[in-house]
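First comes the structure, then the notes that go with it.
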Amino acid sequence: MEAGTLLLRPIVITAPIWNPKRRSFLRRCVPALLRSVRASSNLQGGYRGPKPRREWAADLVSENDDVVRSMPIYVGVLSLLAVLFNRAVSGIAPVADASSSQSRADLLTLGLAVTNILTGLVWLSIRPKTILPVNPDGVECQKINSFLPDSVVSELLWVWESLSVATCSRSLVIVYDNNFIFQTGFAAASSANYSEVVPVVPNNLMEGSLYKSVLKSGSQSYLANLSLYPGKSELPFLPPNTQAVILQPLGDKGIAIIGGDTIRGFTTSDQAWISLIAEKLDATLTKFLNKPPMMVQDIA
Amino acid sequence: MSSCLCSNPLIPLGVRANTFDFYLRISNTYTRKRKPPTILCTRLDNSERATARNQQQLNFSVLRFTFGIPGVDESYLPRWIGYAFGSLLLVNRFLGSDSTTITPAQLRSEALGLSLAAFSIILPYLGKFLKGASPVDQIAVPESAEQIFVMSQAIADNVKEDLAWGTYVLLRNTNTISVLISVKDTMCVRGYWNLPGDVSKVDALDWFQEQIQQIGLSDLEDILYFPQGADSELWEMLPEGTRSVLVQPVWLASKGSAGQVDRTDGFILLASSISYAYSNKDRAWIGAVANKFKG
């Protein structure tokens with residue numbers, strides 16, 4: 001009911017909670033940091049076990065990905081030319097028959113060169129396309145329902161921290177049991193006043209078809225390229241240039257909407273993690289709702 | 001050290017049944033829930049399935065050669081060809097020609113051939129580290145180790161739930177077969193572990209605590225990752241067939257500035273039966289789970 005939702009005053013904690021420069025630096029830095037921590041083996045303070053070897057091959061290849069991918073082709077072509085050159089220089093006619101041991105050795109070497117060229121072509125063909133992230137066009141905010149106890153609040157903050165570090169998420173909205181719970185990250189700026197955000201109205205969301213279909217199916221819905229979906233008008237609170245959205249039902253009473261800044265930016269691993277985290281959130285929120293005082297009681 | 005809980009998952013623990021027992025379920029085979037990236041070959045029937053999966057992942061434009069024999073991984077083809085042709089070159093050298101009439105041209109061409117063969121042999125190893133490479137091995141469940149699930153007894157219900165959920169999620173979403181979470185003075189062990197036969201379930205936690213003291217894991221300050229070659233020789237408690245081990249410290253919640261090393265509160269230990277099991281993304285998520293237990 002309208003009266004009920006008006007009683008829920010969200011706490012508005014304005015930006016900058018999340019300094020975008022620090023965050024993107026952190027995100028770019030995290031893989032490099034993790035690798036170097038592994039390799040530095042700088043362990044003090046009583047750890048008496050063995051230290052891992054430095055994985056130079058893995059590091060070298062991952063850092064010079066493009067060069068390594070085309071290397072077999074160069075090696076193959078060069079050795080092909082070398083075989084022919086060898087034949088020409090030593091005065092043997094370039095006839096590919098297996099009569100003399102020289103020709104046989106040359107044929108085997110040619111076969112190996114061709115294998116290398118083909119492997120290089122396969123490696124080039126499986127190169128993943130890099131898609132650039134798009135900065136969301138909105139205002140940073142963090143709003144939490146004021147009726148939530150500290151334990152629930154810390155869990156929600158933990159969820160947001162994990163999502164923003166491990167995935168490409170830039171916005172998060174949680175609505176549970178017809179109540180607004182949590183909104184953080186980037187949100188759409190309202191057209192009237194650029195520093196204010198478009199509010200999340202749970203009733204409008206619940207009546208929309210996106211919400212209904214997600215709750216009916218009971219499983220996560222991943223809109224990998226939001227610009228292709230007409231249903232994006234039901235999510236006015238997300239920045240208009242949000243690239244990918246995950247709609248995750250929380251049990252059968254709530255929904256978590258996660259917006260990302262890259263098309264197809266959420267991997268299957270991310271999706272699995274998000275659905276398991278959603279189960280945990282659902283358990284926590286249900287436990288809170290079952291304990292008095294309930295938010296819904298305020299409506300009466 | 002508090003006593004431990006029996007490994008029977010059916011014993012109720014006096015918390016909300018539907019959520020907690022859910023996390024107590026131990027599936028018998030920890031199969032990887034993630035499907036490997038598409039291996040689309042020129043066969044037409046795979047194309048729709050592959051394009052659907054392509055939508056969800058990084059866009060691989062894939063055209064791969066395959067024999068179509070299940071269980072045979074064609075990314076190792078250069079290695080087999082390298083061995084085959086290399087040995088044929090040697091056969092040619094010693095059986096196919098008189099040792100007196102070997103010309104320098106033939107020597108040069110054989111040297112080139114052998115070095116190409118060596119290069120082809122290491123090619124699949126290098127290919128494993130490229131972006132977009134799919135891990136070849138499936139998780140092998142060790143036969144000799146047994147599955148256990150023990151947790152410290154005298155802790156609050158919400159901590160129990162967090163530990164159960166954390167271990168469940170780590171076993172399910174990463175290539176892990178065994179997990180140990182130790183935070184402050186609570187501990188939870190789940191999965192396949194190499195308990196010696198004379199240690200009963202009741203003393204299991206004490207035995208693990210002893211092992212941890214010996215290695216000094218609770219004082220670890222950095223992430224420790226052994227991508228290959230970790231086994232029972234490394235640490236006695238790891239099950240046989242472990243290939244990679246990751247230890248993630250749980251940092252104390254503190255207001256230190258970035259870059260300062262904070263005191264650690266505990267650690268999460270993960271063991272897997274495949275090498276290079278934890279990619280950067282996996283480690284980011286494992287760090288997120290570790291943050292749940294801090295503070």
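Order of the sequence lines fixes the chain letters, A, B, ..., with proteins taken first and strands second; residue numbering starts at 1 for each chain.
Per-residue heavy-atom pair counts under 4.5 Å with chain B were compared for A:Thr284, A:Val89, A:Ile277, A:Val83, and the maximum is reached by A:Ile277. Of all the listed residues (B:Ser109, B:Gly113, B:Ala84, B:Pro104), the one sharing the greatest number of non-hydrogen pairs under 4.5 Å with chain A is B:Ser109.
Residues B:Lys281 and A:Ala166 come closest through the heavy atom pair NZ-O, 2.9 Å. Nearest approach of B:Gly127 to A:Trp123, heavy atoms of both residues: CA-CZ2, 3.5 Å. Here the closest non-hydrogen pair linking A:Gly111 and B:Phe85 is CA-CE2, 3.8 Å. Contact between B:Ser120 and A:Leu112 at its shortest, heavy atoms only, is OG-CD2, 4.0 Å. In terms of heavy-atom proximity, B:Leu116 sits nearest to A:Val75 at CD2-CG1, 3.7 Å. Pairing each heavy atom of B:Phe119 with each of A:Asn116, the nearest pair is CD2-ND2, 3.6 Å.
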Worked verdict on B:Asp162 versus A:Lys280 for side chain to side chain contact (heavy atoms under 4.5 Å, CB included): CA-CA 9 Å; B:Asp162 280 350; A:Lys280 180 96 175 50; 2.8 Å; yes
Working for salt bridge (Lys or Arg N to Asp or Glu O under 4.0 Å), residues A:Arg104 and B:Glu110: CA-CA 10 Å; A:Arg104 286 195 291 266; B:Glu110 275 174 11; over 6 Å; no
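For A:Thr115, the part lying near chain B is the side chain, with the backbone staying farther off; criterion is any non-hydrogen pair under 4.5 Å. Residue contact with chain A, scored on non-hydrogen atoms closer than 4.5 Å, is absent for B:Ser115. For A:Ala113, the parts sitting under 4.5 Å from any heavy atom of chain B are the backbone and the side chain alike. Looking at A:Asp270, the atoms closer than 4.5 Å to chain B (heavy atoms on both sides) sit in the backbone and in the side chain alike.
The main-chain N or O of B:Leu130 is never found under 3.5 Å from a side-chain atom of A:Asp65 such that the two would form a donor-acceptor pair. Between the side chain of A:Trp158 and the backbone N or O of B:Val289, no donor-acceptor pair lies under 3.5 Å.
B:Phe129 places none of its side-chain heavy atoms less than 4.5 Å from the side chain of A:Val68. Taking 4.5 Å as the limit, every side-chain heavy atom of A:Val61 sits out of range of all side-chain heavy atoms of B:Tyr125. B:Asn173 places none of its side-chain heavy atoms less than 4.5 Å from the side chain of A:Ser269. Residues B:Leu112 and A:Asn86 fail the side-chain proximity criterion, which asks for heavy atoms closer than 4.5 Å. Put simply, the side chain of A:Pro72 reaches to within 4.5 Å of the side chain of B:Leu123, judged on heavy atoms.
The pair B:Lys292-A:Glu161 does not meet the salt-bridge criterion, since no charged nitrogen lies less than 4.0 angstrom from a carboxylate oxygen.
Distance check, rounded to the nearest 0.5 Å: CG of B:Leu89 to OG1 of A:Thr109 gives 5.0 Å. To the nearest 0.5 Å, the span separating CD on A:Gln102 from CG on B:Leu107 amounts to 9.0 Å. The distance from the OG atom of A:Ser103 to the CD atom of B:Gln106 is 9.0 Å, given to the nearest 0.5 Å. Note: B:Arg79 CZ to A:Thr119 OG1 = 12.0 Å, rounded to the nearest 0.5 Å.
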